[in-house]
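Single-structure report; data block below.
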Amino acid sequence: MEKTYNHKNVEGKIYENWEKKGYFKPEINPDGKPYCIILPPPNANGALHFGHAMFTVEDILIRYHRMKGFQALWLPGADHAGIETQFVFEKKLKAEGKSRLDFDRETLYGMIYKYVEEHRGGIENQLKRLGFSLDWSREKYTLDSDIVKLVHKTFKRMYDEGLVYRDFRLVNYCTFDGTSFSDLELIHEEKERPLYYIKYGPLTLATTRPETKFGDTAVAVHPTDLRYKKYVGKEIEIETVLGKAKIKVIADESVDKNFGTGVVKITPSHDFNDFEVGKRHNLEMKQVIGFDGKMNDYAGKFKGLYVKEARRAVVEEMKKKGLIEKIDEKYITRLSLCYKCKNVLEPLPLEQWFIKVKPLAEQAIKAVRDGKIKITPSNFENIYFQWLENLRDWNISRQIVWGIRIPAWKSKKTGKWVITEGEEPKGQEWEQDTDTFDTWFSSGQWPFVTLMSNSSSKSDFEKFYPTSVMETGYDLLRAWVSRMVMLGLFITGDVPFKHVLFHGLVNDPYGKKMSKSKGNVVNPLELIDKYGADSVRFALVYGNATGNDQSLSYQKLEAARKFANKLWNMARFIEMKRKDVILNEVKDLDSSATPQNDILEIAQHKNDIVMIKKTKQLTSEITNHLDSYSFNYAAEKLYEFTWHEFADKYIEDVKNRIDEDSYLILTALYLILLKLLHPFMPFITEEIYQRFSPEKSIMIKSWPE
RNA sequence: GAGUCCGUAGCUCAGCGGUAGAGCGUUGCAUUCACAUUGCAAAUGUCGGAGGUUCAAAUCCUCCCGGGCUCACCA
């Protein structure tokens with residue numbers, strides 16, 4: 001053996017061998033109980049980042065269970081990542097001087113599809129570099145035709161059961177990206193925005209958005225506000241930038257008497273609150289801002305101006321006409337921004353498909369309350385409950401082409417909608433909805449659609465559903481995990497997973513969130529090159545409690561690398577002593593004839609007996625830690641024991657009194673350590689193991705007892 | 001505005017009711033006999049602050065201070 005461990009000579013070769021032998025397939029343990037984790041599908045177009053590297057936790061669980069003899073399935077997949085990917089592609093188009101509007105739907109979709117296909121293998125190879133024991137033969141993609149079919153089916157069934165409806169209402173619309181977003185996909189930002197006090201005939205009201213005044217269809221006051229009681233129910237005459245007009249005064253509970261003047265303009269087409277007020281009072285909807293972000297006919301001479309320009313122009317005009325009483329320049333308002341392009345989102349009225357979430361959320365809450373799903377760390381349960389309890393209906397229509405097109409068809413004759421499982425309805429002329437599903441609508445079905453669509457093994461769904469654990473970053477609790485619970489329960493009648501396990505984020509060495517814009521992103525692949533995958537994995541797990549964020553630590557990586565080297569040299573010592581003590585050639589040092597109990601029988605020396613006991617104790621500790629998802633405890637304990645108990649004390653002791661028996665005991669105990677370490681550091685442990693026990697793999701039914 | 005997490009050795013973090021821990025760093029000594037080293041030993045903390053509960057609190061409760069993250073349709 002070489003004097004130091006060199007991961008570069010080992011990792012690629014080992015992984016290739018594992019795959020070739022089919023070790024990652026659950027079928028290698030045909031008699032075992034099923035154990036299944038579905039990999040959170042990375043963006044097919046993306047690159048490896050630390051969120052993915054944290055999936056190490058899943059590999060630890062899978063390897064541990066596989067070693068224990070479970071039929072362990074870790075199912076990989078990739079997500080088309082709708083708006084995310086289309087956004088990247090449009091940027092590319094822009095760089096080439098083109099735009100999405102230059103292409104028809106099919107062409108654009110085809111181009112993005114091809115573009116993604118070119119990148120898709122990348123992320124998969126990167127996951128392999130981390131040593132992940134994923135069953136690649138079962139890999140799925142959200143745009144696979146069988147997945148799409150199942151997603152369509154879900155939508156149809158929800159529609160048939162009254163959970164899907166089409167409605168005309170305000171959506172958060174990005175006029176730059178040309179699509180609406182769900183409530184989750186917004187960034188809220190506080191900004192200084194002038195608050196204008198505008199004269200409306202005899203009244204004065206405060207607003208940050210004077211340019212929407214063309215869409216006002218009422219002015220509202222609080223029902224108990226004595227100041228304005230005499231106006232309620234009447235029409236008042238007002239002077240506007242476009243001349244004289246009349247407007248109704250209404251009374252509504254939602255008005256805050258203490259804000260501004262206690263008078264609000266009601267613009268049902270451009271404000272969420274006003275939309276509700278408008279509904280209550282049967283107000284007319286006047287849309288004055290178009291989906292292109294420009295003012296339309298209602299704005300008179302301001303037509304064609306972008307919202308920002310229009311605001312400036314309107315304010316100027318009002319000032320001239322003496323319609324502005326005062327301006328509070330320091331007013332702080334909260335804006336909703338597009339999470340992709342950071343522009344201000346416009347609430348615009350649009351017909352969309354919505355999912356009635358209440359009945360689904362109730363079931364999802366119940367599943368956790370009843371303990372059918374456990375969440376670790378448990379404090380995330382509160383966030384889960386809180387969100388589901390206050391959930392509003394889910395807008396699932398996206399006005400982009402990159403995604404699964406909604407199987408809804410509108411009759412050209414009657415204008416009525418028909419939902420199918422994907423095929424065009426017959427009989428008359430139909431027009432398909434041009435929108436696609438919110439990405440989370442398909443990924444929210446991931447656990448059951450992946451298992452159902454794996455035709456290679458028809459019983460995957462029966463066997464592995466509900467899956468054992470869903471492990472992911474806590475940032476996906478709402479967008480993804482809660483949706484999986486809701487949709488999984490709805491379609492299958494059972495929870496999609498029994499346990500949710502959250503890991504934290506990996507920040508940069510200074511504790512700052514890694515982001516491209518800050519330029520502090522570290523590519524895990526570089527670290528794998530430098531320290532080896534085992535060390536990266538170990539460093540991510542060691543010294544960090546489950547679910548907590550951590551800062552990338554080069555010291556920790558270095559420590560893990562040294563640990564790997566230590567492990568290597570322990571093996572080297574054993575290898576070197578082999579010839580000295582063993583007279584007859586022993587090929588397989590891990591012969592099943594020397595499990596712990598048998599060693600105990602040949603053990604005579606007091607120190608050997610003690611060490612055997614200690615190792616046994618260690619084994620049960622590690623087993624317990626893994627069963628309770630305390631990966632950091634397990635890693636720390638293994639590190640401590642291997643180095644400071646086993647190497648520093650025991651090997652030093654045996655060194656001076658080595659004979660055939662003590663050698664066999666030492667080797668057997670060392671092999672136990674290797675096995676306990678294998679889920680954490682798969683490459684080096686397998687490499688060493690195969691040197692001691694050729695033709696075998698450390699990962700098959702080898703967990704020590 | 002609400003929620004949530006964090007504040008423990010120089011740094012990064014474990015510990016979460018019973019005499020303060022790890023890694024890295026620091027300081028000695030030993031060693032090249034498995035270990036581009038390793039081993040042995042040492043130093044370092046009123047466990048963010050103030051109250052409270054308890055025989056006992058870094059650990060539970062309350063408040064405050066500092067930092068992170070998340071959520072939220074007040075014009």
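Lettering of chains follows the sequences in order, A, B, ..., and the numbering in each one begins at 1. Keep in mind that the numbers below use all heavy atoms, side chains included, and drop hydrogens, waters and symmetry copies.
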May I ask you to say what [X] touches in the nucleic acid, namely base, sugar-phosphate or nothing, with a heavy-atom cut-off under 4.0 Å?
X	value
A:Arg392	base
A:Met576	sugar-phosphate
A:Val255	base
A:Tyr331	sugar-phosphate
A:Arg478	sugar-phosphate
A:Ser336	nothing
A:Asn565	sugar-phosphate

*Qualifying ring-ring contact (aromatic ring centres under 6.0 Å, His included) pairs, either residue in residues 205-229 of chain A, two or more places apart*: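 Sorted result for residues 205-229 of chain A: A:Phe214-A:Phe302.
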
From [options], pick the nucleotide closest to the side chain of [X]?
X	options	answer
A:Ile651	B:rA36, B:rC13, B:rA34	B:rA34
A:Phe272	B:rC73, B:rU37, B:rA34	B:rC73
A:Asn273	B:rA14, B:rC73, B:rA36	B:rC73
A:Tyr633	B:rC71, B:rA34, B:rA14	B:rA14
A:Tyr474	B:rU37, B:rC69, B:rG39	B:rC69

Taking N or O atoms only and anything under 3.5 Å, show me the protein contacts with nucleotides 42-44 of chain B, one pair per line.
none

Distance check: side-chain N/O of [X] vs OP1/OP2 of [N], anything under 4.0 Å?
X	N	value
A:Lys655	B:rA34	yes
A:Lys3	B:rA34	no
A:Lys257	B:rC74	no

*What integer number of Å spans the C1' atoms of B:rG67 and B:rG48?*
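Those two atoms are separated by 11 Å.
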
*Rounded to whole angstrom, note down the P distance from B:rG45 over to B:rC11.*
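Those two atoms are separated by 14 Å.
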
*Starting at the 5' end of RNA chain B, what dot-bracket string do you get if Watson-Crick and G-U pairs under 3.5 Å are bracketed, crossing pairs use [ ], other-strand pairs use | and unpaired bases use dots?*
((((((((.[[[[.)..(..]]]].(((((.......))))).....[[[[[..)....]]]]])))))))....

Please tabulate the protein-to-nucleotide N/O contacts below 3.5 Å involving nucleotides 2-8 of chain B, giving atom names and distances.
| from | atom 1 | to | atom 2 | distance (Å) |
| --- | --- | --- | --- | --- |
| B:rG3 | O2' | A:Gln386 | OE1 | 3.4 |

*For A:Gln287, check side chain to side chain contact (heavy atoms under 4.5 Å, CB included) against everything at least two apart and list the hits.*
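Counting only residues at least two positions away or on another chain, A:Gln287 forms a side chain to side chain contact (heavy atoms under 4.5 Å, CB included) with A:Ser269, A:His270, A:Phe291, A:Leu348, A:Pro349.
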
_A:Arg209 and side-chain contact (heavy atoms from CB on, under 4.5 Å): which single residue from A:Thr267, A:Asp271, A:Val307 fits?_
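Result for side-chain contact (heavy atoms from CB on, under 4.5 Å) with A:Arg209: A:Val307.
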
*asked:* Against the six-membered ring of A:Phe354, is A:Arg169 placed for a cation-pi contact (under 6.0 Å from the centre, within 45° of the normal)?
replied: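 Yes, cation above the ring, under 6.0 Å and within 45°.
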
*asked:* Which is more 5' along RNA chain B, the nucleotide nearest A:Ala647 or the one nearest A:Asn544? Just name the residue.
replied: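 It is A:Asn544 whose nearest nucleotide is closer to the 5' end.
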
*Examine the side chains of A:Asp653 and A:Asn607 and answer whether a donor and an acceptor come within less than 3.5 Å of each other.*
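Side-chain D/A pair, A:Asp653 to A:Asn607: present.
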
*Rounding to a whole Å, what distance do you find between A:Arg572:CZ and B:rU37:C1'?*
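Distance, rounded to whole Å: 12 Å.
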
For nucleotides 21-25 of chain B, which of its nitrogen or oxygen atoms have a protein nitrogen or oxygen under 3.5 Å away, and what is each distance?
| from | atom 1 | to | atom 2 | distance (Å) |
| --- | --- | --- | --- | --- |
| B:rA22 | O2' | A:Tyr542 | OH | 2.8 |

